[in-house]
There are 2 protein chains.
Amino acid sequence: MSLRYAVLGLLARRPSTGYELTQTFDRSLSTSWHAGHSQIYPELAKLEAAGLINLVGEGARRSKTYGITDTGRAELRRWLVEAEPDRSQRSESGLRLFLTPLLDPADRMQTFERDLAHVEHELAALEALQADQADTAEPEVFAPQVDLGIRVNTVLRDWLREQIESASA
Amino acid sequence: MSLRYAVLGLLARRPSTGYELTQTFDRSLSTSWHAGHSQIYPELAKLEAAGLINLVGEGARRSKTYGITDTGRAELRRWLVEAEPDRSQRSESGLRLFLTPLLDPADRMQTFERDLAHVEHELAALEALQADQADTAEPEVFAPQVDLGIRVNTVLRDWLREQIESASA
DNA sequence: TATAGCATGTAACGAGTTACATGATTGG
DNA sequence: CCAATCATGTAACTCGTTACATGCTATA
């Protein structure tokens with residue numbers, strides 16, 4: 001059911017076309033949720049049928065812009081505040097980390113180095129985003145969330161560095 | 001495809017029945033991957049047909065214990081070391097956090113308090129696990145992973161506390 | 001002897017991914 | 001005018017969840 005609220009939430013931020021939503025899923029939401037256009041277009045149809053969103057305009061290239069309705073806004077708030085969150089996570093990286101102890105030391109180091117390179121890359125991207133946002137009037141992402149992302153990735157980076165160091169010692 | 005390797009990985013740790021694997025998914029792997037018995041039993045059949053695991057014993061209550069084969073071990077290593085990891089995550093909590101700025105301050109605080117309570121609970125559980133493990137010969141979970149879990153949850157807890165404080169100030 | 005927990009399976013449904021398919025507009 | 005990108009949709013398939021269904025064993 002989360003896709004429904006993800007779409008509803010993005011439309012609460014601003015009216016958008018399905019195409020724009022697809023891009024937002026890729027750019028801003030990719031770290032926690034993903035959805036392709038083949039999921040989004042049918043979901044928009046369902047949400048419109050349920051009266052939670054409506055068509056607010058049609059533009060070039062037969063684009064259709066949807067906006068959230070008052071009913072939709074109420075339903076979104078209800079979900080965010082009153083519905084019990086599903087705390088479960090699905091992360092292949094977490095699974096891999098869990099299985100890492102099965103590898104021999106050389107293979108384990110190789111995977112840690114690979115992961116470290118990735119985390120450092122992520123961290124650089126987040127720090128660049130934070131610097132950009134400092135001088136943007138309307139930030140695309142809530143600044144404290146970027147900060148949280150940096151903190152979490154820093155912990156990960158340090159943990160990986162310690163694993164690598166303690167093994168080569 | 002991850003379920004395949006999750007099952008293979010757990011069987012590489014020790015031979016198990018489907019029932020035991022189901023419990024391990026709930027207890028040790030629930031933070032990164034979940035699978036119910038209705039997924040596990042068919043997967044065991046597929047893995048056996050592929051020659052990656054085999055039946056190593058039958059016990060009481062028609063239980064069937066499977067073990068990993070050499071082929072299975074090689075395939076698991078290949079996946080862990082050579083296959084490009086899928087870094088995508090699926091987390092409803094992350095989605096909720098992303099949408100939090102849409103709420104008015106009172107509602108936002110309510111969700112932060114709810115999340116903080118949950119994180120503090122998690123943290124207590126992880127710290128208890130860490131204390132237990134100190135005097136266990138054969139730890140069920142790799143100690144550095146528990147440590148990582150504690151660090152990540154600590155960052156989350158502090159971030160939530162800051163959000164709550166800065167709003168009530 | 002009943003009930004709780006061990007233990008395995010299948011079926012139906014819903015969610016998510018990949019592939020297929022088409023049309024419109026802008027810029028080189 | 002052609003390629004890239006914008007823009008929307010459907011079909012087939014795989015993965016995951018919930019519900020259904022059954023049988024075994026220990027213990028109270």
Side-chain angles (χ1 to χ4, degrees), chain A residues 1-8 10-11 15-27 29-50 53 55-66 79 84-92 94-95, chain B residues 1-8 10-11 15-27 29-50 53 55-66 79 84-92 94-95:
Chain A
M1 276 284 82
S2 294
L3 175 67
R4 188 186 187 98
Y5 298 101
V7 170
L8 211 49
L10 293 182
L11 291 180
S16 313
T17 66
Y19 188 83
E20 287 164 344
L21 292 176
T22 307
Q23 290 178 105
T24 307
F25 268 99
D26 277 354
R27 289 177 194 157
L29 218 48
S30 58
T31 46
S32 51
W33 205 268
H34 177 263
H37 76 277
S38 66
Q39 255 187 300
I40 289 168
Y41 292 116
E43 191 61 44
L44 286 170
K46 279 186 226 160
L47 284 166
E48 196 191 12
I53 64 173
L55 193 57
V56 296
E58 296 183 67
R61 298 178 177 105
R62 345 195 218 106
S63 72
K64 298 194 272 181
T65 301
Y66 291 93
W79 183 72
E84 185 58 27
D86 173 359
R87 309 271 182 191
S88 70
Q89 309 245 331
R90 194 167 287 276
S91 152
E92 191 186 286
L95 169 63
Chain B
M1 273 285 83
S2 293
L3 175 67
R4 189 185 186 98
Y5 297 100
V7 169
L8 211 49
L10 293 182
L11 291 179
S16 312
T17 66
Y19 188 82
E20 286 164 343
L21 293 177
T22 307
Q23 290 177 104
T24 306
F25 268 100
D26 277 353
R27 288 176 196 159
L29 219 47
S30 58
T31 45
S32 53
W33 205 268
H34 177 263
H37 76 277
S38 65
Q39 256 187 299
I40 290 168
Y41 291 117
E43 192 61 44
L44 286 170
K46 279 186 228 162
L47 284 166
E48 197 191 12
I53 64 171
L55 194 57
V56 296
E58 295 183 66
R61 297 178 175 107
R62 348 193 219 108
S63 71
K64 298 194 276 182
T65 301
Y66 291 92
W79 183 74
E84 185 57 28
D86 174 358
R87 310 270 181 191
S88 69
Q89 308 247 329
R90 196 166 284 276
S91 153
E92 190 186 288
L95 170 63

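Every value quoted in this text rests on a predicted model; they were computed, and no experiment measured them. First the proteins, then the strands, lettered A, B, ... as listed; each starts at 1. All values below were derived from every heavy atom in this structure, side-chain atoms included, with hydrogens, water molecules and symmetry-related copies excluded.
Put simply, CG on A:Leu3 and NZ on A:Lys46 are 8.0 Å apart, with the number rounded to the nearest 0.5 Å. To the nearest 0.5 Å, atom CD of residue A:Glu43 and atom OH of residue A:Tyr5 are 10.0 Å apart.
One atom, OH of B:Tyr41, and another, P of D:dT18, lie 18 Å apart when rounded to the nearest Å. Summarising the geometry, the separation between NE2 on B:His37 and C1' on D:dG16 is reported as 13 Å, rounded to the nearest angstrom. Taking atom CD of B:Glu43 as the reference point, atom C1' of D:dT14 lies 12 Å away to the nearest angstrom. Taking atom CD of B:Gln39 as the reference point, atom C1' of D:dT18 lies 12 Å away to the nearest angstrom. When rounded to the nearest whole Å, the span between CG of B:Asp86 and C1' of D:dC15 equals 13 Å. Taking atom NZ of residue A:Lys46 and atom C1' of nucleotide D:dT8, one finds them 17 Å apart after rounding to whole Å. Protein atom CZ of A:Arg90 is 8 Å distant from nucleotide atom C1' of D:dC15, rounded to whole Å.
Within 4.0 Å (heavy atoms only), B:Gly18 reaches sugar-phosphate atoms of the nucleic acid but no base atom.
Scanning DNA chain C 5' to 3' for nucleotides with an atom closer than 4.0 angstrom to a non-hydrogen atom of chain B gives a first and last hit of C:dG5 to C:dT17.
A residue-by-residue look at B:Ala35 and A:Tyr66 shows that A:Tyr66 has its nearest nucleotide of DNA chain D further toward the 5' end. Nearer the 5' end of DNA chain C, as judged by each residue's closest nucleotide, is the contact made by A:Ser38, out of A:Ala60 and A:Ser38.
A:Gly36 approaches A:Thr22 most closely through the heavy-atom pair C-CG2, 4.5 Å. Taking all atoms of both residues into account, the shortest heavy-atom contact from B:His34 to A:Arg90 is O-NH2, 3.5 Å.
Under 4.0 angstrom from either OP1 or OP2 of D:dG16 there lies no side-chain N or O belonging to B:Arg4.
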Protein-nucleotides 3-6 of chain D N/O pairs closer than 3.5 Å?
{"residue": "D:dC6", "atom": "OP2", "partner": "A:Tyr19", "partner atom": "OH", "Å": "2.5"}
{"residue": "D:dC6", "atom": "O5'", "partner": "A:Tyr19", "partner atom": "OH", "Å": "3.3"}
{"residue": "D:dC6", "atom": "O3'", "partner": "A:Arg61", "partner atom": "NH1", "Å": "3.4"}

Query raised in the report: Going through the distances and angles, do A:Leu47 and A:Leu8 end up as a side-chain contact (heavy atoms from CB on, under 4.5 Å)?
Result: CA-CA 8 Å; A:Leu47 284 166; A:Leu8 211 49; 4.2 Å; yes
Report task. Let me see the working for A:Ser2 and A:Trp33 under side-chain contact (heavy atoms from CB on, under 4.5 Å), right down to the final yes or no. Result -> CA-CA 9 Å; A:Ser2 294; A:Trp33 205 268; 3.5 Å; yes
Report task. Please report the C-alpha distance between A:Glu48 and A:Tyr66 in whole Å, then the side-chain angles of each, then the deciding distance to 0.1 Å, and finally whether the side-chain contact (heavy atoms from CB on, under 4.5 Å) criterion is met. Result -> CA-CA 9 Å; A:Glu48 196 191 12; A:Tyr66 291 93; 3.9 Å; yes
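Side chain of A:Glu92 to main chain of B:Asp86: a donor-acceptor pair is present (N/O by atom type, distance under 3.5 Å, no hydrogens or angles).
Residues A:Val7 and A:Ile53 fail the side-chain proximity criterion, which asks for heavy atoms closer than 4.5 Å.
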